[in-house]
Amino acid sequence: MIDQLRRRYEEVTAACGQQPAEMTVVFDAGQNSEANFARLAETGLHYVGSVPASDCGDLTALPATVRSVVDADRFGGLTAYDTRRVTYGTGRRTIVTHSPELHASQAAGFDGTTLAKAGKKLDDLAATLARGKTRRGRDKVEAEITAITRKPWVRRVVAWQLDGEQPKDLRLTWNAGQNARAALEEELFGKHVLITDHDDWPAAEVIAGYRSQSEAEFSFRQMKDPHVVSFSPMHHWTEHNIRIHIFTCVLALQIAHPMRLKAARAGLHLPVRALLAELAGIGETILLYPGDRGRPKAHRILTHTTSVQDKLAKTFTLDRYAPRR
């Protein structure tokens, strides 16, 4: 895919009579492999990627004092530590970042959702076993507990004990260790580990580059919207019709992107669905008045608009199409 995208980009720039700009590939940890990094080196493409923070205990265990604020204007309280580290067989520039907002979000999500769900399942299982009605053997119960606590963060925090040998005698006790929970939060919450071959880029640019992939992720999320710029449901079965349907969806997405960007630059940060709903709410009404000779006079006016709609109308210069008074 990388080769295809690069070739297409070079064809487009050549058709425009321009030299292709330096390209940087941005990807997450799911694409990491020695083969992929070797391929990037062969093609001369630069990259900004990430490594799971849980795989970098030597970096995440460093005290907060080694990190410094990156760019308060762009990233608020985000701090980072810039170093070099051997990753996938090669020394690479590595930046550990910590975001207070991400930290708070992960802490709330872990306690309120991940740990809470696992705790409820363990409580339900413990209650079932306490009634002595289960017919499952110890090995199957242990397998169920392992499945409930399969997530790495849950495994680090939850300690459990299963007593008894016969099904009717099995009893489960468990607890979430506060010390383990605090150690987990201190080590991992709010942290990302980025890697790049851009040794000359400021840390702020590396972080901004990595965050830019959210724009591509937005496109995939938007294509899953069942109402606006949606890929599905697709009521087509032949290859020709499917191609036309996909082309139409991508074309709509290409229109939605600059619309959302233009609105954002005007201070209106709206998702595509909300943006189109606001624009659709700008209507035109025809008022009919009695005429001198029996024929009614028509007067066209806009419907009442909100401040957001007024700003959108100005941003997209819709006054060109508005009725004249």
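- For Ala322, the side-chain contact (heavy atoms from CB on, under 4.5 Å) partners at least two apart in sequence or on another chain are Leu302.
- Counting only distance, with no hydrogens or angles, the side chain of Arg320 and the backbone of Thr317 share a donor-acceptor pair below 3.5 Å.
- In the hydrophobic cluster analysis, where Ile, Leu, Val, Met, Phe, Trp and Tyr join through side-chain heavy atoms closer than 4.5 angstrom, Tyr81 is grouped apart from Ile95.
- Annotation: salt bridge (charged side-chain N to carboxylate O under 4.0 Å, His left out) contacts involving residues 173-183, sequence neighbours excluded, comprise Asp111-Arg181, Arg181-Glu185.
- Applying the salt bridge (charged side-chain N to carboxylate O under 4.0 Å, His left out) test to residues at least two apart or on different chains, the pairs with a partner in residues 147-165 are Arg156-Glu187.
- Taking the charged nitrogens against the carboxylate oxygens, Arg136 and Glu144 do have a contact shorter than 4.0 Å, which makes a salt bridge.
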| task | Applying side-chain contact (heavy atoms from CB on, under 4.5 Å), run through Thr285 and Leu287 and close with a yes or a no. | result | CA-CA 6 Å; Thr285 298; Leu287 300 179; 4.0 Å; yes
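- Counting only heavy atoms from C-beta outward, the side chains of Phe189 and Leu184 approach each other to under 4.5 Å.
- With no hydrogens or angles considered, no side-chain donor-acceptor pair links Ser214 and Arg211 at under 3.5 Å.
- When side chains are defined from C-beta on, Met234 counts as touching Ile242, because their heavy atoms get closer than 4.5 Å.
- Between His299 and Tyr289, the angle of the ring planes lies from 30° to 60°, which puts this pair in the tilted group.
- Going from atom CG of Leu40 over to atom OG1 of Thr24 covers 10.5 Å, rounded to the nearest 0.5 Å.
- Separating the CD atom in Gln19 from the CD atom in Glu10 is a distance of 10.0 Å, to the nearest 0.5 Å.
- In this structure, CZ on Arg8 lies 13.0 Å from OG1 on Thr13, to the nearest 0.5 angstrom.
- Between Leu275 and Leu312 there is a side-chain heavy-atom pair separated by less than 4.5 Å.
- The salt bridge (charged side-chain N to carboxylate O under 4.0 Å, His left out) analysis of residues 49-68, with sequence neighbours excluded, yields the pairs Asp58-Arg85.
- Using a cutoff of 4.0 Å between basic side-chain nitrogens and carboxylate oxygens, Lys311 and Glu278 are not scored as salt-bridged.
- Of all the heavy atoms in Thr149 and Val154, the pair that sits closest is CA-CG1, 3.9 Å.
- Using a 4.5 Å cut-off on side-chain heavy atoms (C-beta onward), Asp28 and Gln213 make contact.
- Of all heavy-atom pairs between Ile148 and Ala118, the closest is CG2-O, 3.6 Å.
- Evaluation of the ring-ring contact (aromatic ring centres under 6.0 Å, His included) test over residues 251-276, restricted to residues two or more places apart or in two chains, returns Phe218-His257.
- For Glu142, the side-chain contact (heavy atoms from CB on, under 4.5 Å) criterion is met by Arg138, Trp160, Leu162, not counting sequence neighbours.
- Scanning for salt bridge (Lys or Arg N to Asp or Glu O under 4.0 Å) contacts around Arg39 gives Asp3, Glu42, with sequence neighbours left out.
- Looking at residues two or more places apart in sequence or on another chain, you find a side-chain contact (heavy atoms from CB on, under 4.5 Å) between Ala252 and Val229.
- Applying the salt bridge (charged side-chain N to carboxylate O under 4.0 Å, His left out) rule to pairs touching residues 248-271 yields Glu215-Arg260, sequence neighbours excluded.
- Residues Val26 and Val193 do not share a hydrophobic cluster, defined by chaining ILVMFWY side chains whose heavy atoms lie under 4.5 Å apart.
- Ring planes of Trp153 and Phe110: perpendicular class, angle over 60° (limits at 30 and 60°).
- Taken to the nearest 0.5 Å, the NE2 atom of His236 stands 8.0 Å off from the OG1 atom of Thr238.
- The shortest non-hydrogen separation linking Arg93 to Arg84 is N-NH1, 3.7 Å.
- At least one side-chain heavy atom of Ile2 sits under 4.5 Å from a side-chain heavy atom of Val25.
- Other residues, nucleotides and ligands contribute at most 12 non-hydrogen atoms within 6.0 Å of the CG atom of Asn179.
- The structure places CG of Asp82 at 13.5 Å from CH2 of Trp201, a figure rounded to the nearest 0.5 Å.
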Show the atom names and distances, to 0.1 Å, of all donor-acceptor pairs under 3.5 Å that link a side chain in residues 45-54 to residues at least two apart or in another chain.
unit_1	atom_1	unit_2	atom_2	d
His46	ND1	Asp197	OD1	3.4
His46	ND1	Asp197	OD2	3.1
His46	NE2	Glu22	OE2	3.1
Tyr47	OH	Arg92	NH1	2.9
Ser50	OG	Ala29	N	3.3
Ser50	OG	Tyr210	OH	3.1

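- Panel note: side chain Ser105, backbone Glu101; no donor-acceptor pair is recorded below 3.5 Å.
- When all heavy atoms are compared, the tightest approach of Leu268 to Val308 is CD1-O, 4.1 Å.
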| query | Should Ile282 and Leu318 be marked as a side-chain contact (heavy atoms from CB on, under 4.5 Å) after you check the CA-CA gap, both sets of side-chain angles, and the distance that decides it? | reply | CA-CA 10 Å; Ile282 303 175; Leu318 299 182; 4.1 Å; yes
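- Linking Ile, Leu, Val, Met, Phe, Trp and Tyr whenever their side-chain heavy atoms come within less than 4.5 Å puts Met259 and Val250 in one cluster.
- Looking only at side-chain heavy atoms (C-beta outward), Thr79 and Thr97 stay at 4.5 Å or farther from each other.
- Scanning for side-chain contact (heavy atoms from CB on, under 4.5 Å) contacts around Asn36 gives Gln31, Ser33, with sequence neighbours left out.
- Following chains of ILVMFWY side-chain contacts shorter than 4.5 Å, one can reach Tyr9 starting from Phe27, so the two form part of one hydrophobic cluster.
- Residues Leu170 and Ile145 share a single hydrophobic cluster, defined by chaining ILVMFWY side chains whose heavy atoms lie under 4.5 Å apart.
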| request: List the steps, then state whether side-chain contact (heavy atoms from CB on, under 4.5 Å) holds for Phe37 with Thr90. | output: CA-CA 10 Å; Phe37 282 114; Thr90 302; over 6 Å; no
| said: Please determine whether side-chain contact (heavy atoms from CB on, under 4.5 Å) holds for the pair Glu284 and Ile301, giving the CA-CA distance in whole Å, both sets of side-chain angles, and the decisive distance to 0.1 Å. | reply: CA-CA 6 Å; Glu284 181 180 314; Ile301 62 171; over 6 Å; no
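- Taking both residues in full, the closest heavy atoms of His304 and Gln309 are given as O-OE1, 4.2 Å, listed atom of the first, atom of the second, then distance.
- A distance of 12.5 Å separates CD1 of Ile207 from OG of Ser212, quoted to the nearest 0.5 Å.
- Closest of all the heavy-atom pairs between Ala72 and Val69 is N-CG1, 4.0 Å.
- By the salt bridge (Lys or Arg N to Asp or Glu O under 4.0 Å) test, Arg171 is found to be paired with no residue, residues two or more places apart in sequence or in another chain being considered.
- Checking side-chain atoms of Lys168 against main-chain N and O of Thr134 turns up no donor-acceptor pair under 3.5 Å.
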